[in-house]
Amino acid sequence: MHPPIKYFEKGLAVAANGAWTVFNAANRISPGPSFIPKWSDKPLLKSWQKTKPPLGWPRQTDSLCPTCVREARQAILDGKQDVSILLNEKVGEIKATILERDGQILMVKDCPIHGHFEDVMAMDTDFFKHLEQVFPGRDIAAHNDSKLHNHGSSTIKHGRGSVLTVDLTNRCNMMCDPCFMDANQVGFVHELSWEDIKQVLDNAITIKPKRQMSVQFSGGEPTMSPYFLDAVRYAREVGYSSVQAATNGIEFAKSPEFAKAAADAGLRYAYLQFDGIGNAANSHRRVGNLFDVKLQAIENLWNNGVDIVPVVTIVNGVNNEQVGRIIEFALDNPRKINFLSFQPVSFTGRDEEVTPERRAAQRYTLSHLAHDVKNQTGLGEPVRDWFPISFMGTFTDWADTVHGPDAAWGNLTCGCHPNCGVGMALMIDKETKEAVPVTAFLNAEQLAKDVAQVNDAGRGRFLSVTGMAIALMRNYNPFKAPKHFKLMDLLKKFDKTFGATGKNYGKVGKDRTMQDITMRRQDRWNFLFIAGMWFQDLFNYDFRRTEMCIIPYATQQGEISFCAYNTGIGWRNIIEKMHMTATLTKWYEEHGRHEIFAGNKAVPLPTTEHALKLNAEAVAAGEQQDLVLAGVARNAREEKVAARAHAQEKSLEDKLKEDAKHRQMADLYRQHVLKEAPKAPVIQIQGLKKSSLESRN
């Protein structure tokens, strides 16, 4: 039996459906023109003006030969080719076809030199089709960007992006597998100076459209940079309201004072490496107490006002069984976790030369994630509840319209390719822990169509807000929402997210205080977003994705797509070598060696006490053994050890064969040249060794 208010809200939904018919008909009469906001030199796009890359299948795209790319990159690093070749020629590029085979979506491609390559894009064709069908189209084309976006075929062409990544250093205090940048292994240090940091942040806000981007300081381990706190502080001063750190959490766990200093500087989010529940689930990172480190980092950061986003690198056979356990951890701690980022493994960095066997065993796609969430937690239907993260573009377009032409920044827009990132939103009651997918009680596809019509009408703040309210009410099903959830809670959530009415839910700008943070955290409802971001590698590389990248790297050579930087032609290797700070030998002479936690070395922690709720069974579970049982290496390190052992075994086998061949040739020489009688075969009877002749005697 539903509470009476649910029936009242159902009546409102029916009434809103009728009101929408009248409102929409009137709103479509003589629509207003798009305005040009301060943050762009081009007007906002109407829905029908948005372009899309080729979608569906079979389709052809531009990709890369994994072997050609490695050879070309090495030639540049060795000084045999100039880096300008990447701007003027299509280095390593080949055509690829995206097609369906045996119920899967594959990318297949052939290099005339190195042969055939193929890999899985999705294991569920309906899921893949759904993501592409609801993609709303590209954002405003990037402009005023020629100095920073000039990287040949890898150039970003659309939008401004949503997260600007700044690698402060390539030094790290861990030695992980996997590692997309091969930290601590390249033989030199690349670390931004203070002038470099200010320059890349200043450059970022010159590009149009000037979206309200998050700035994420990364590495290596960004907290090892002597300028980490200064960089956070300066990013806030420049105007970015969402300053993040992609971190393993070690420094934050070791020092509550450091966590407070980061929060005081303006750190808003910690993207915390988090591979599973329990130390066993994190053991492949080779730190003895890594899960304890994560828990302590969460406590220290959250207590000082920093929100935590666990970031999970998912490797099939290594930690895919942790998907449900990590979501359960978020559900059990809804006041402290409101975002999860799952990142299927990209075979790059340490894993770039992965064997085909290990790649096939460890490949994990966004469709795997959606199905694992359902199978391990019972939450969400892959086609109903998962959407490309670019689906939100329609709603941020609405926010841009509402905020008007005088806004200094556009709203954060995740306008990436639908094959790049996906998400499912859960509405969680912080008091009862009840969790329901938002799209179970809100018709998201129809809502997006309704909001697009509101945007296209271009009526300004009042009518746009009215249109959104009516659209939300008519697409809301109160009977499928959480028990205590109300329509007013839904309207407040949208207002809090997009700041449409101007109501104060707690400031997020550079002048925010702990009181603002507390005010935002008082909301009974946790909007938990479960995201999947799948970065490319050389085996599934698609330039249509690269040119729409929303996570550009800010470098000394401009802003480069995340995938083009870390994989693709490998701009990271080239730029870090071009702007090398010092060789390791020189660095160690001047600065000494930094501490590295590896070989199961434990991180010393002042305390392991925390207030997080844990599932004892999940904590006690052992390491996932799928790959061990299948006889497949778990990482590049194990693969190299196995390769060396195989090479030694092969060498011994070859030596024995060569010795046998020499003995045979010697016997033939004695028999046919020296005319010696062939040796009689040796027979062993009951432990005695005698020749056949002796036996006859």
Side-chain angles (χ1 to χ4, degrees), residues 1-31 47 130 133-134 136 379-381 383-387 391-399 401-402 424-429 431-432 434-501 503 505 523-529:
M1 187 69 179
H2 297 287
I5 192 171
K6 296 287 187 181
Y7 294 94
F8 174 72
E9 289 180 341
K10 184 61 178 177
L12 285 178
V14 173
N17 202 47
W20 173 259
T21 303
V22 177
F23 174 86
N24 191 42
N27 210 33
R28 295 173 68 178
I29 299 172
S30 299
S47 63
H130 162 68
Q133 283 183 332
V134 299
L379 292 169
E381 295 294 332
V383 174
R384 184 195 68 184
D385 298 320
W386 290 83
F387 288 81
F391 181 75
M392 290 301 295
T394 299
F395 301 93
T396 53
D397 287 346
W398 172 81
T401 301
V402 168
M424 177 178 72
L426 298 178
M427 194 64 72
I428 304 173
D429 189 332
E431 296 181 9
T432 67
E434 182 186 10
V436 178
V438 172
T439 41
F441 60 85
L442 191 64
N443 186 339
E445 288 190 49
Q446 185 58 53
L447 176 62
K449 293 175 182 177
D450 292 349
V451 174
Q453 293 186 65
V454 173
N455 298 341
D456 291 342
R459 298 300 185 190
R461 178 187 289 267
F462 178 76
L463 287 178
S464 294
V465 170
T466 301
M468 172 66 86
I470 297 173
L472 283 169
M473 287 190 287
R474 90 183 195 103
N475 287 289
Y476 172 66
N477 186 340
F479 298 128
K480 294 186 177 180
K483 181 178 179 181
H484 300 288
F485 191 76
K486 302 179 182 63
L487 176 60
M488 187 55 66
D489 295 320
L490 179 64
L491 297 174
K492 284 182 178 178
K493 273 293 179 187
F494 267 78
D495 190 26
K496 182 179 179 181
T497 300
F498 297 110
T501 66
K503 182 178 179 180
Y505 296 95
D523 193 337
R524 174 174 180 170
W525 299 99
N526 180 19
F527 187 84
L528 174 66
F529 193 71

If you look at every heavy atom in [X] and [Y], which pair is closest and at what distance?
X: Ser47; Y: Ala452; value: CB-CB, 4.3 Å
X: Leu463; Y: Phe23; value: O-CZ, 3.5 Å
X: Val438; Y: Leu426; value: CG2-C, 4.2 Å
X: Phe441; Y: Pro482; value: CE2-CD, 3.8 Å
X: Thr394; Y: Ala448; value: CG2-O, 3.5 Å
X: Ile428; Y: Ala435; value: CG1-CB, 3.9 Å

Could you state the interatomic distance from [atom1] ([X]) to [atom2] ([Y]), rounded to the nearest 0.5 Å?
X: Thr466; Y: Arg461; atom1: OG1; atom2: CZ; answer: 11.5 Å
X: Leu472; Y: Asn443; atom1: CG; atom2: CG; answer: 11.5 Å
X: Trp386; Y: Phe391; atom1: CH2; atom2: CZ; answer: 15.0 Å
X: Met424; Y: Leu528; atom1: CE; atom2: CG; answer: 8.0 Å
X: Met427; Y: Asn526; atom1: CE; atom2: CG; answer: 9.0 Å

Does any part of the side chain of [Y], heavy atoms only, come nearer than 4.5 Å to the side chain of [X], both counted from C-beta?
X: His2; Y: Pro478; value: no
X: Met392; Y: Phe387; value: no
X: Leu447; Y: Phe395; value: yes
X: Leu490; Y: Leu487; value: yes
X: Phe498; Y: Met468; value: no
X: Lys480; Y: Val436; value: no

Short side-chain to backbone donor-acceptor contact, [X] and [Y], under 3.5 Å:
X: Trp398; Y: Ser464; value: yes
X: Glu434; Y: Lys483; value: yes
X: Asp456; Y: Pro31; value: no

Those residues that, when tested against [X], pass side chain to side chain donor-acceptor pair (under 3.5 Å) (two or more places apart):
X: Lys493; value: Asp523
X: Tyr505; value: Asp495
X: Asn455; value: none
X: Asp450; value: Gln446, Arg474, Asn475

Checking ring pair (Phe, Tyr, Trp, His ring centres under 6.0 Å) for the pair Tyr7/Phe479: CA distance, chi angles, key distance, verdict? CA-CA 8 Å; Tyr7 294 94; Phe479 298 128; 5.1 Å; yes

Contacts of type salt bridge (Lys or Arg N to Asp or Glu O under 4.0 Å), residue Asp429, not counting sequence neighbours: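 Once residues adjacent in sequence are excluded, the partners of Asp429 under the salt bridge (Lys or Arg N to Asp or Glu O under 4.0 Å) criterion are Arg524.
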
Can you name the salt bridge (Lys or Arg N to Asp or Glu O under 4.0 Å) partners of Glu445, sequence neighbours left out?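 Counting only residues at least two positions away or on another chain, Glu445 forms no salt bridge (Lys or Arg N to Asp or Glu O under 4.0 Å).
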
